[in-house]
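Convention: sequence-line order gives letters A, B, ...; per-chain numbering from 1. No hydrogens, no waters, no symmetry mates; every other heavy atom, side chains included, goes into these values.
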Amino acid sequence: MSYALIDGNCFYVSCERVFNSKLEGKPVVVLSNNDGCVITRSSEAKLLGVKMGVPWYQLKDFAKKHRLIAKSSNYALYGDMSARMMSVLSSFSPDQEIYSIDECFLGMQGFANYDLTDYGQAIKKKVKQWIGLPVCVGFGSTKTLAKFANNTAKKRPEFRGVCNLGQLSATELNELLASTDVRDVWGIGYQWSKRLNAIGIATAKDLRDADPATLRRKFSVVVERTVLELRGVACLAFDEVAPPKKQIIFSRTFGEYISSLSELEEAVTAYTANAAVKLRRQDSVAGLIQVSLRTNPFREDQPQHQPHLGLQLVVPSSDTRVLVEMALHALRRMFKNGYAYQKAAVMLMDISQDTATQATLFSCETGNPALMKTMDKINTRWGKGTVKLAAEGVDQYWQMRREMISPSYTTSWNGLPVAR
DNA sequence: TCTGGGGTCCTAGGACCC
DNA sequence: TCTGGGGTCCTAGGACCC
């Protein structure tokens, strides 16, 4: 069995470029929600030395000087482009696992007679032609090796965007592994890479050749599995259908600080409604809802308050009104006057499929599934927010800032590109 | 003075991913 | 002034049970 991993090159920037050719060849970054910090960089921006995660306000002067272009993130656009890309990719294998917004695995079982390097080039070409997005392709006998191959295809121009490990000699593979920092192995983050370095494991090759049992003892079973995966022993499952989420979070920084309870109530109501939509989309109900608030932790000069409170529902529910009632209850218990709150989050937990719900003896209010379904249908058909609870507020001053956002070219009539 | 052993469940915290 | 959002898995330790 072998796997392909296809990954969009600086995906968000590439999505912007599809509809705005002026961004081509220029240093571009896409910012996180609220225009907070850099989350995607074009290769030109990387060359300028722009680091991942830098706060935008620290970069403004630099951007002016170096003609760095910033875009607010436009998830309506990226989500839609992602769906199109995934649909094209699904035509290249019967088995697809969508791993994130910009990457998927394909199962390559039954492709033994194919030249996978050619096949990878064909994939790359079709996605570029049909969707307009540049991708790289990596092939390996485990997911971790496919990831490694993809990473190699990205970094080394001589591979022309496609790396098939199966085609390499043992020497060539060793050379590639030896020239890859252990930090760049999928599953090894900053903390573990530091500790691995300390015991003499610096490269992907060192890690592959280390003793799995020792690493399990010193680190965890996760690191052991990574070692085995690098050796070609598959330890990670291929999930074709996304399993339902075990927790659902809706969390946003406000456009402006909020100090009043009534405005927080509006925001928490809206956040809960958003989380509930996600919950119903996977036909689930939640048994526990947690609300949290946060002041700006960077403002050490200001009083800090980061409360969170979870409340159990008597009967698990997905009804927005039931969930909102609980959320507001939690909010009112935590809220304190005199703080500038910067962010709120609503988290749904104890999630189960709604068919499995246990009825109570004294059948309590569990909500009205039919009404919720109708609401979701209307909002899908006529656009988000067509029908909502009045308590979500009308003005919504706390909505996030997105000062450099592009139109929703593919998902809104108003954003439709015009051909001249 | 002396104070078992084994199992389960839950939670918090730490690590990782994009 | 301005620092994102949304997930997963694993482990250790405490509570509790017999």
Side-chain angles (χ1 to χ4, degrees), chain A residues 5 7-12 29-41 51-61 63 70 72-75 78-79 82 97-105 143-144 147 150-151 182-196 215-226 229 235-237 239 242-257 271 274-275 278-279 282 287-288 290 292 294-302 308 310 312 340 342-351 400-404:
Chain A
L5 189 269
D7 186 323
N9 305 346
C10 52
F11 187 74
Y12 297 165
V29 293
V30 172
L31 304 178
S32 65
N33 277 332
N34 230 27
D35 295 339
C37 50
V38 172
I39 55 170
T40 311
R41 305 160 295 161
K51 296 278 177 262
M52 195 70 168
V54 186
W56 171 237
Y57 75 91
Q58 290 177 4
L59 216 56
K60 274 184 179 162
D61 290 339
S72 303
S73 45
N74 182 345
Y75 285 101
Y78 311 148
S82 169
E97 176 188 333
I98 296 173
Y99 180 70
S100 75
I101 192 163
D102 73 329
E103 63 188 291
C104 76
F105 290 98
K143 286 175 142 185
T144 304
K147 269 280 201 183
N150 182 281
N151 190 281
V182 72
R183 173 65 233 271
D184 294 334
V185 173
W186 190 39
I188 305 299
Y190 176 66
Q191 297 298 332
W192 286 349
S193 70
K194 268 197 307 189
R195 283 173 55 196
L196 285 166
L215 291 187
R216 182 184 187 134
R217 237 183 316 107
K218 288 191 172 161
F219 293 80
S220 79
V221 66
V222 180
V223 176
E224 180 189 35
R225 283 203 284 249
T226 301
E229 283 255 325
C235 303
L236 301 175
D239 283 321
K245 304 262 183 260
K246 297 173 181 176
Q247 57 180 41
I248 289 171
I249 300 172
F250 195 96
S251 128
R252 287 286 180 282
T253 303
F254 309 128
E256 293 164 24
Y257 293 128
Y271 289 13
N274 278 300
K278 296 192 203 178
L279 184 68
Q282 63 167 32
L288 184 72
Q290 180 183 289
S292 51
R294 207 194 68 184
T295 48
N296 184 348
F298 293 98
R299 292 295 300 267
E300 284 165 14
D301 54 320
Q302 292 191 349
H308 62 95
Q312 202 87 39
Q342 185 199 30
K343 179 176 177 173
V346 172
M347 197 162 153
L348 304 176
M349 287 171 292
D350 280 5
I351 288 176
M400 61 186 174
R401 276 189 309 276
R402 299 197 292 181
E403 285 167 3
M404 295 156 284

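- Here the side chain of A/S251 is nearest to one of C/dG4, C/dG5, C/dT3, namely C/dG5.
- Residue A/F250 is in sugar-phosphate contact alone, with no base atom involved, counting any heavy-atom pair closer than 4.0 Å across all strands shown.
- Applying the 4.0 Å criterion to OP1 and OP2 of C/dG5, one finds that A/K343 has a side-chain N or O inside that range.
- Here C/dG4 presents its P atom at 14 Å from CE of A/M404, a figure rounded to the nearest Å.
- Checked against C/dG7, C/dG5, C/dC2, the side chain of A/T253 finds its nearest nucleotide in C/dG5.
- Side-chain atoms of A/N150 come within 3.5 Å of backbone N or O of A/L5 as a donor-acceptor pair.
- Comparing atom distances between the A/R294 side chain and each of C/dC2, C/dG4, C/dC9 picks out C/dG4 as nearest.
- Across every strand in view, C/dC18 sits in a pair with B/dG5 that passes the Watson-Crick or G-U test at under 3.5 angstrom.
- Using a distance-only test at 3.5 Å, with no hydrogens or angles considered, a donor-acceptor pair links the side chain of A/Q282 to the main chain of A/K245.
- Each of A/N34 and A/S220 was matched to the nucleotide of DNA chain C holding its nearest heavy atom; the match closer to the 5' end belongs to A/N34.
- Rounded to whole Å, the P atom of C/dC18 lies 28 Å from the corresponding atom of B/dC2.
- Look at OH on A/Y271: it is 12 Å from C1' on C/dG4, rounded to the nearest Å.
- In this structure, of C/dG5, C/dG4, C/dT3, it is C/dT3 that holds the atom nearest to the side chain of A/Y57.
- Rounded to whole Å, atom P of C/dG4 lies 9 Å from atom CG of A/N296.
- When the P atom of C/dG7 is taken as reference, atom CG of A/L348 falls 9 Å away, rounded to whole Å.
- When each of A/R252 and A/R225 is assigned the nucleotide of DNA chain C with its nearest heavy atom, A/R252 is the one assigned upstream, toward the 5' end.
- Distance alone, capped at 3.5 Å, is enough to place a donor-acceptor pair between the A/K143 side chain and the A/A237 backbone.
- For A/R401 (side chain) and A/G255 (main-chain N/O), a donor-acceptor pair under 3.5 Å exists by modelled atom type.
- Across all strands, A/N33 comes closer than 4.0 Å only to sugar-phosphate atoms, never to a base (heavy-atom distances).
- Between A/Q342 and C/dC2 there is no side-chain polar atom (N or O) within less than 4.0 angstrom of OP1 or OP2.
- Closest to the side chain of A/F298, out of C/dG4, C/dT3, C/dG6, is C/dT3.
- At whole-Å resolution of the value, NZ in A/K245 and P in C/dG5 are 18 Å apart.
- Going from atom CG of A/D35 over to atom P of C/dG4 covers 12 Å, rounded to whole Å.
- Side-chain atoms of A/S32 come within 3.5 Å of backbone N or O of A/C37 as a donor-acceptor pair.
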Letter by letter from the 5' end, nucleotides 10-18 of chain B scores (B base, S sugar-phosphate only, - none; protein heavy atoms under 4.0 Å) -----SSSS
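- Between the side chain of A/E229 and the backbone N or O of A/L236 there is at least one donor-acceptor pair closer than 3.5 Å.
- In this structure, A/R402 reaches neither bases nor backbone, as no heavy-atom distance under 4.0 Å exists between it and the strands shown.
- Between A/F105 and A/W186, the ring-plane angle classifies as tilted under the 30° and 60° cut-offs.
- Counting to the nearest Å, the P atom of C/dG6 and the NZ atom of A/K278 are 5 Å from each other.
- In terms of the side chain to side chain contact (heavy atoms under 4.5 Å, CB included) criterion, residue partners of A/Q290 (sequence neighbours excluded) are, by chain and number, A/H308, A/M347, A/M349.
- Taking atom CZ of residue A/R401 and atom P of nucleotide C/dC2, one finds them 8 Å apart after rounding to whole Å.
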